[in-house]
Amino acid sequence: MPEKPYDHREIEARWHAEWQDQPLYQAEEDSRKPKYYVLEMLPYPSGELHIGHIRNYSIGDALARYQWMRGYNVLHPMGWDAFGLPAENAALKNGRPPREWTLENIEKMKRTHRRFAFSYDWNREVTTCEPEYYRWNQWFFLKMLEKGIAYRKKALVNWCPQCATVLANEQVVNGCCWRHETTPVEQRALEQWFLRITAYADQLLDDMRQLEGNWPDRVLTMQRNWIGRSEGAEVDFTSAAGPLRVFTTRIDTIYGATCVIVAPEHPLVATHAAPELQAQAKAMVDARSSQGPGDVVKEGFFLGLHATNPFSGEPLPIWVGNFVLMGYGTGAIMAVPGHDQRDFEFCTQYGIPVVPVIRPVDGALADADNMTEAFGDDGIVENSGPYSGLPSAEARARMTARAEQEGFGKAAITFRLKDWGISRQRYWGTPIPVVHCPVDGVVPVPESQLPVLLPAEIQITGSGRSPLENDPAFVETTCPRCGGPARRETDTMDTFVDSSWYFYRYCDARNSAAPYDPAKIDYWFPIDQYIGGVEHAILHLIYSRFWTKVMRDIGLIRNAEPVRKMFTQGMVINNGAKMSKSKGNVVNADDVAEKHGADAARLFALFAAPPEKEVDWTDAGIEGIYRFLGRVYRYATRNIDGAGGDGSADEAVLRKLHQTLRKITEDFDSRWHFNTSIAAVMELLNELIAEESRLSKAAMTQVLELLTFMLAPFAPYLSQELWDMLGHTGPVFKQSWPAYDAALAQEAGAEIVLQVNGKVRGRTVVPFGTEAEQLKTLALAHEKVSSLVAGKTVVKIIAVVDKLVNVVVK
RNA sequence: GCUGGAGUGGCGGAACUGGCAGACGCACGGGACUCAAAAUCCCGCAUCCUUCACUGGGUAUGAGGGUUCGACCCCCUCCUCCAGCACCA
């Protein structure tokens, strides 16, 4: 058969039509096959897929298809993170109702998904803005309220004036909003709903040990830092205003404390500071909140009060310092300028004495007058009453014990992690299911009344409060307890709530009686492989882990962790910047599919770099892949029913064929460096073309079939076309992944590198396993080697079986 | 500042366990086919020296040192870049 040109449009259109209404990718219920749950992070439905998405999904899809071929019952679902601010902004801008806008975007993106033939089980699709989904957010919220995990408090919150809403701590980047990177976040006091994630801090930390090895170290490190567990002690300093509690990790330095510093928001300021000092503290708070990224200059003032060091009995001045955080520890510290750099800077600035009390294990105590920086290491405690001479660690233990005995302190653990504020003053989110009753206070909506529906018709104003407040039909209700008039809560939930458990819903997506059937979770969980961007290393991935633990404690599920293996793929860079709408460098997936085809786009996304690394998008790069696919196609079409050659190249070609298959299989099972898998297929093709006329018909048949299989996880359209051309029926990815033939893949002999003084001077082929002694003899007999050795003394000869010989001469 | 990670041709990257540095692709140069172009195919492509040529040799994995018969790989010092955290007491 003469070769045919590669027409990606024709091939992809044909199979697209063929597959359109077929349930090809459904996961089986009640299967006896082993399960494999592969998941890619669900996208926000912005309206278009770009190449960054394509990369994420191409990795997951290759894996899903490979696992199908390996005989697994694969669950590979997709959904939409459909609540969130852009829908409201779109509504403001062009008057489209958020739901309508969102659903339309979803339809558009789904078309692109199908065009790329990603193997999702669309029967399990989850759309988080639909009541069938968000009612379970509300249900979980009520459970958490019962358990005391959800609670309400007035708190200083991060407020973004641009978003006109509250941000979680995790959403504040360098003092600015994560969505508006130049807008400083303000502090406001509001009644907010919180989830007590801090109660799980230790578990979140401890269970990371189960994840080690299967999650990227980088992600685990970031989570550990985020949780920020510190062991130390709380100690009461006595003062005229009552006991003042500080948190310290270095109680061993307490004899070196020269003042106590409180945060400007500390209650002591409000109760005991003179009015002008209170104004000064307030100014400090405001200055800090409006300060953007960069260094905050240390500032402070004397409060006019003293506190007594419970160990030394010494009176110390109480200062207010702008670098002391109310939100961490007790909001008050003991300043030990001799052994803490921050305290050193503050105290020297205000002339507060420096008193060194720790010396290096093998050195002398520093001289206070000549210090230029604090000595922050552990050492030997000096000038510290009965503790003098003890190593730091022991001093800490004894001092803490004494504080506990005498009731002025205790061992304490402080976390950097704070409770998760979930209230948002927004319309397009899950309504928080409580009502405010003048008689009964805050009353949960009974489960039977769920879901609390978001009203469809709403005037989005963009002003500070939730648009829901302006909808009397929503706000005005009756108290479920007393039946009197009451107001609904108008805050909605943070959208990270939606994504904290969506992957459980995939297991039972149409359940209307419960979030899911626990038996199904038992079968499918944990997720075998989760794939997504590293930008979610802390937010989404910590919340998800927390939610799983809560569901377990409610008694719904048994697994403590949702994700067994995590993979973070690198970003796609275009023109030196991360692709984003605001930078205007987005490469649209449909455009690429039109020009070069979905197969080429997918293959290039995998070929350009190892999946965990960033990858530069280049039009030229995808051209190369497109040419490769064309060569494969033309090679196949012109050889598919040819007469065959004399077979003189069969042995070499089949060896290469099975070596390539072995490499791809190994890449899937270990390191996922699909760029080298694809390079190996290219190498194979180069050899196939070179030896084309010398291949027997039987060998050619085997070549074409295995080549088709090798491409099946990466290029579904082309491989299906080839499979069809080869006279087979049915989807190629439902065939069994072929086992490579180890005997065929075996090289004829070992190539031994011959070196003199570590430099390669020749090589020779010997039977595998040829012994070292024999290799040495062979090497010395080698013409090139012997000429270089002649006239010199052989110092030694190193021989490594099947690898090399190195003759060392002098 | 702290904590991770990374530096290899013009570019993206390979070299998996200390054993042939530069696979594969892009770009580039030359050639074939063509009236011409596109497409396609063939050849070359780290660098310097040597040779008419075949060839042969030296130098190269951010810089400098070390360990080793042998180092992109291990150790030490330094430089640069990227990411995360950033007064967390």
Are A:Phe714 and A:Phe668 near enough that their ring centres are under 6.0 Å apart? yes

Looking at B:G19, B:C24, B:C85, which one has an atom nearest to any side-chain atom of A:Lys803? B:G19

Rounded to whole angstrom units, what separation is found between the CH2 atom of A:Trp226 and the C1' atom of B:A83? 15 Å

Indicate, with a heavy-atom threshold strictly under 4.0 Å, whether A:Glu751 touches base, sugar-phosphate, or nothing. base

What distance, rounded to whole Å, do you find between the two C1' atoms, one in B:G70 and one in B:U17? 15 Å

Is the distance from OP1 or OP2 of B:G13 to the nearest side-chain N or O of A:Lys613 less than 4.0 Å? yes

By the 4.0 Å heavy-atom rule, please label A:Gly624 as base, sugar-phosphate, or nothing. sugar-phosphate

Checking B:G57, B:A27, B:A89 against the side chain of A:Ala620 (C-beta onward), the nearest is B:A27

Of the listed B:A14, B:G25, B:A89, the closest approach to the A:Arg631 side chain comes from B:G25

Of A:Leu775, A:Val808, A:Val805, the residue whose pairing with A:Ile798 passes side chain to side chain contact (heavy atoms under 4.5 Å, CB included): A:Val808

According to the Watson-Crick and G-U wobble definitions, with both distances under 3.5 Å, which nucleotide is paired to B:U59? B:A46

With heavy atoms under 4.0 Å as the rule, sort A:Pro610 into base, sugar-phosphate or nothing. sugar-phosphate

Counting side-chain heavy atoms from CB outward, which of B:C69, B:C16, B:U40 is closest to A:Asn806? B:C69

Just label B:G30 as syn or anti from its O4'-C1'-N9-C4 or O4'-C1'-N1-C2 angle, using within 90° of 0 for syn. anti

Between B:C87, B:G25, B:A23, spot the one nearest the side chain of A:Glu683, thanks. B:A23

B:C69, OP1 or OP2 - any side-chain N/O from A:Lys796 closer than 4.0 Å? yes

Charged N to carboxylate O below 4.0 Å: is that the case for A:Glu594 and A:Arg9? yes

Between A:Lys595 and A:Asp619, is the closest basic N to carboxylate O distance under 4.0 Å? no

Picking from B:C69, B:C16, B:G84, the nucleotide nearest the side-chain atoms of A:Met222 would be B:G84

Kindly indicate whether a cation-pi arrangement holds for A:Lys298 with A:Phe323, taking the cut-offs as under 6.0 Å to the six-membered ring centre and within 45° of the axis. yes

Is any side-chain nitrogen or oxygen of A:Arg627 closer than 4.0 Å to OP1 or OP2 of B:A39? no

B:A39 and B:C75: how far apart are their P atoms, nearest whole angstrom? 49 Å

Selection from B:C85, B:A23, B:C20 that lies nearest to any side-chain heavy atom of A:Ile538: B:C85

Quick check: any donor-acceptor pair below 3.5 Å linking the side-chain of A:Glu623 to the base of B:C26? no

Quick one: which of B:U40, B:A14, B:A89 gets closest to the side chain of A:His673? B:A14

Among B:C42, B:G25, B:G13, which is the nearest nucleotide to the side chain of A:Asn675? B:G13

Is A:Glu231 salt-bridged to A:Arg229, going by a charged N under 4.0 Å from an acidic O? yes

Any heavy-atom pair between the side chains of A:His658 and A:Gln746 that's under 4.5 Å? no

What interatomic distance, in whole Å, is found between P of B:U61 and the corresponding atom of B:C74? 15 Å

Whole-Å distance separating the CD atom of A:Gln223 from the C1' atom of B:A83: 16 Å

Tell me the partner of B:G22, counting only Watson-Crick (N1-N3 plus N6-O4 or O6-N4) or G-U wobble (N1-O2 and O6-N3) with both under 3.5 Å; none if nothing fits. none

Only pairs with both distances under 3.5 Å count, Watson-Crick or wobble alike; so what is the partner of B:C2 in this structure? B:G84

Roughly how many Å is it from CG in A:Leu804 to P in B:A15, rounded to a whole number? 20 Å

Integer angstrom distance from the P of B:C24 to that of B:C79: 38 Å

Would one find a side-chain N or O of A:Arg218 under 4.0 angstrom from OP1 or OP2 of B:C82? no

Phosphate OP1/OP2 of B:G25 contacted by A:Asn686 side-chain N/O (<4.0 Å): yes

Measure the CD-CG distance between A:Glu683 and A:Asn686 for me, rounded to the nearest 0.5 Å. 7.5 Å

Using only side-chain N and O atoms of A:Arg224, determine if any of them is under 4.0 Å from OP1 or OP2 of B:G84. no

According to a strict under-4.0 Å criterion, is A:Ser230 in side-chain N/O contact with OP1 or OP2 of B:A89? yes

For atom CD of A:Glu614 and atom P of B:G7, their distance in whole Å: 13 Å

In whole angstrom, give me the gap between the P atoms of B:A23 and B:A46. 8 Å

Could you work out the separation of B:A6 and B:A15 based on their P atoms and round it to a whole Å? 14 Å

Residue A:Leu325, side-chain heavy atoms: nucleotide from B:G70, B:A89, B:C85 that is nearest: B:A89

To the nearest angstrom, the CZ-C1' distance between A:Phe607 and B:C24 comes to 5 Å

In whole angstroms, the gap separating P of B:C42 from CD of A:Glu692 amounts to 10 Å

Under 4.0 Å between any heavy atoms, over every strand shown, what does A:Val324 touch: base, sugar-phosphate, or nothing? Just pick one. base

For nucleotides B:A38 and B:G31, find the distance between their P atoms and express it as a whole number of Å. 14 Å

What I want to find out is whether A:Lys776 reaches A:Glu773 closely enough, with some N-O distance under 4.0 Å, to be called a salt bridge. yes

Determine the interatomic distance between C1' on B:G62 and the same-named atom on B:C82; round to the nearest Å. 15 Å

Quick one: A:Phe674 CZ to B:A14 P, roughly how many Å, whole number? 14 Å

In whole angstroms, how far is the P atom of B:A89 from the CG atom of A:Leu316? 21 Å

